[in-house]
Visitor: 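Can you keep this structure in mind? I'll have questions shortly.
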Amino acid sequence: MSKNAESPSWRDPALGTMKRVGLWLFSEVGEGNDFTLEELQEALPEPQVSRRMRDLRNFNWEIEPHDRVGSRSYLLRRVGIHVWEPGATRQARTATLTRAQRIDILQRDGYKCTTCGIGPGEMYPSSDSHVFATLDVARARAVTAEGAVVEVLRTQCARCNVEGHAGRPNPRDPQDVREAVGGLSAGQRAQLLVWIMNDSRTRSEVEKVWDLYRTLPVAAKQDLAAYLGQLVEAEAATE
């Protein structure tokens with residue numbers, strides 16, 4: 001069920017494992033669909049196949065753990081660079097961010113889309129469907145005060161990135177923001193002023209732990225929830 005007649009076959013043993021994994025995902029799974037590690041290993045019973053799948057993330061593939069009971073499953077959210085095409089991996093490596101660089105940018109931006117302000121796992125307020133935000137680092141070009149064109153790396157949600165807003169300011173009415181400020185409590189306004197003056201959002205310890213929690217596998221999340229529940233119950237019993 002190939003989606004591109006010109007693409008090589010994922011069954012071709014002459015291709016490297018990562019290219020074959022990419023082709024299998026591209027032609028047999030498709031964007032927006034899930035698959036299990038067992039299915040991948042059955043198709044490509046080769047050493048390090050799961051590691052080669054993770055390597056695709058270095059080429060803008062979005063492959064996320066997906067909750068399917070009883071199996072190690074993943075969601076192919078987005079097909080990235082076609083690594084099987086001649087020269088694709090060599091060209092891509094020069095523009096690919098390292099994991100550490102990506103995390104630094106996400107942390108700098110407070111894990112919020114710099115265009116619409118939404119955070120990971122939050123639902124778009126104007127969406128008719130139950131669409132949750134996912135964040136990534138988007139590349140854009142900007143012009144400095146001196147007229148130089150520079151590359152800008154900033155946190156962007158998938159919707160704003162797809163709509164072409166990377167690097168552009170949010171066209172929200174300033175009066176809407178002013179009215180929202182007026183609806184805050186005195187303490188909230190003081191906190192907001194600190195963030196604005198520092199041009200940075202101060203993150204609390206519980207927010208930092210929340211970010212760590214979100215990186216855990218599903219089973220580990222469930223274990224942590226049970227552990228946290230025990231702590232809360234024990235603390236409540238001592239009050």
Side-chain angles (χ1 to χ4, degrees), residues 1-68 71-106 113 115 120 131-142 149-168 215:
M1 50 183 290
S2 173
K3 298 182 180 180
N4 187 340
E6 298 180 357
S7 298
S9 170
W10 61 267
R11 302 178 187 274
D12 186 353
L15 297 173
T17 302
M18 185 181 71
K19 294 180 180 180
R20 295 182 66 192
V21 171
L23 282 163
W24 181 81
L25 292 172
F26 176 70
S27 61
E28 303 297 330
V29 177
E31 286 187 346
N33 298 314
D34 62 354
F35 65 96
T36 66
L37 184 58
E38 289 77 11
E39 291 168 344
L40 174 59
Q41 291 173 331
E42 182 178 355
L44 296 169
E46 300 179 9
Q48 306 295 322
V49 67
S50 60
R51 178 173 294 181
R52 299 290 84 81
M53 176 192 71
R54 293 194 296 271
D55 288 345
L56 288 170
R57 294 170 178 163
N58 295 326
F59 302 97
N60 300 331
W61 288 63
E62 294 184 9
I63 304 172
E64 304 172 359
H66 193 47
D67 187 11
R68 187 196 289 183
S71 64
R72 291 174 292 176
S73 61
Y74 296 85
L75 172 67
L76 177 58
R77 186 174 296 280
R78 185 176 68 178
V79 170
I81 294 170
H82 292 184
V83 294
W84 54 86
E85 295 180 352
T89 57
R90 183 175 61 256
Q91 296 172 5
R93 281 196 175 94
T94 62
T96 300
L97 294 175
T98 66
R99 181 174 181 274
Q101 289 172 324
R102 181 175 179 274
I103 291 175
D104 284 344
I105 294 169
L106 292 172
C113 175
T115 294
V131 179
F132 293 88
T134 57
L135 300 182
D136 205 344
V137 176
R139 296 176 181 272
R141 294 185 180 276
V149 178
V150 296
E151 183 181 59
V152 176
L153 299 175
R154 60 180 62 193
T155 302
Q156 205 85 37
C157 74
R159 187 172 71 172
C160 288
N161 197 9
V162 168
E163 292 177 353
H165 297 317
R168 285 165 37 188
T215 66

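The structure displayed is predicted, hence computed values, not measured ones.
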Visitor: What's the verdict on side chain to side chain contact (heavy atoms under 4.5 Å, CB included) for Leu25 and Tyr74, showing C-alpha distance, side-chain angles and the deciding distance?
Guide: CA-CA 11 Å; Leu25 292 172; Tyr74 296 85; over 6 Å; no

Visitor: Say you draw a straight line from CG of Leu23 to CE of Met18; how long is it, rounded to the nearest 0.5 Å?
Guide: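 That separation rounds to 10.5 Å.
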
Visitor: To the nearest 0.5 Å, what is the distance between CE (Met53) and CH2 (Trp24)?
Guide: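 CH2 of Trp24 is found 9.5 Å from CE of Met53.
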
Visitor: Take Trp10 and Ser27, measure what side chain to side chain contact (heavy atoms under 4.5 Å, CB included) needs, and give me the verdict at the end.
Guide: CA-CA 8 Å; Trp10 61 267; Ser27 61; 3.5 Å; yes

Visitor: Quick one: CZ on Arg52 to CG on Leu44, what's the gap to the nearest 0.5 Å?
Guide: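 The CG atom of Leu44 is 12.5 Å from CZ of Arg52, to the nearest 0.5 Å.
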
Visitor: From Thr155 OG1 over to Leu106 CG, what is the distance, rounded to the nearest 0.5 angstrom?
Guide: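 Atom-to-atom, Thr155:OG1 and Leu106:CG are 4.5 Å apart.
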
Visitor: If only atom types and distance count, is the side chain of Gln156 paired as donor or acceptor with the main-chain N or O of Cys113 below 3.5 Å?
Guide: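 A pair under 3.5 Å: no.
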
Visitor: State yes or no: are the ring centers of Trp84 and Phe26 separated by less than 6.0 Å?
Guide: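 For Trp84 and Phe26, the ring centres are under 6.0 Å apart.
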
Visitor: Does Arg102 have any salt bridge (Lys or Arg N to Asp or Glu O under 4.0 Å) partners at least two apart in sequence or in another chain, and if so, which?
Guide: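 Arg102: salt bridge (Lys or Arg N to Asp or Glu O under 4.0 Å) contacts with Asp136.
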
Visitor: Report the C-alpha distance between Leu56 and Val83 in whole Å, list the side-chain angles of each, state the deciding distance to 0.1 Å, and finish with yes or no for side chain to side chain contact (heavy atoms under 4.5 Å, CB included).
Guide: CA-CA 8 Å; Leu56 288 170; Val83 294; 3.9 Å; yes

Visitor: Asp34 versus Leu76: any side-chain heavy-atom pair under 4.5 Å?
Guide: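 They are not in contact (no side-chain heavy atoms under 4.5 Å apart), so the answer is no.
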
Visitor: Can any side-chain N or O of Glu39 pair as donor or acceptor with the backbone N or O of Thr36 at less than 3.5 Å?
Guide: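 At least one qualifying donor-acceptor pair exists.
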
Visitor: With Ile103, which residues qualify under side chain to side chain contact (heavy atoms under 4.5 Å, CB included), at least two apart?
Guide: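 Partners of Ile103 under the side chain to side chain contact (heavy atoms under 4.5 Å, CB included) test: Arg99, Gln107, Tyr111.
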
Visitor: Using side chain to side chain contact (heavy atoms under 4.5 Å, CB included) as the criterion, list what pairs up with Ser50, not counting sequence neighbours.
Guide: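 By the side chain to side chain contact (heavy atoms under 4.5 Å, CB included) rule, Ser50 matches Leu37, Arg54.
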
Visitor: Any side-chain heavy-atom pair from Leu75 and Ile63 closer than 4.5 angstrom?
Guide: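 The answer is no, as the side chains (C-beta and beyond) never meet within the 4.5 Å cut-off.
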
Visitor: Between Ser9 and Leu15, what is the shortest heavy-atom contact and its length?
Guide: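 Minimum heavy-atom separation between Ser9 and Leu15: O-CD1, 3.6 Å.
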
Visitor: To the nearest 0.5 Å, what is the distance between CG (Asp55) and CD (Gln48)?
Guide: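 Here the rounded value is 9.5 Å.
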
Visitor: For Glu46, give me all partners under side-chain hydrogen bond (donor to acceptor under 3.5 Å, both in side chains), at least two apart in sequence or on another chain.
Guide: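 Applying side-chain hydrogen bond (donor to acceptor under 3.5 Å, both in side chains) to Glu46 gives Thr17, Arg20.
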
Visitor: Not counting sequence neighbours, which residues clear side-chain hydrogen bond (donor to acceptor under 3.5 Å, both in side chains) with Trp61? List them please.
Guide: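 So Trp61 forms no side-chain hydrogen bond (donor to acceptor under 3.5 Å, both in side chains) with any residue.
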
Visitor: To the nearest 0.5 Å, how far apart are CG in Asp104 and CG in Leu153?
Guide: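 These two atoms lie 11.5 Å from each other.
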
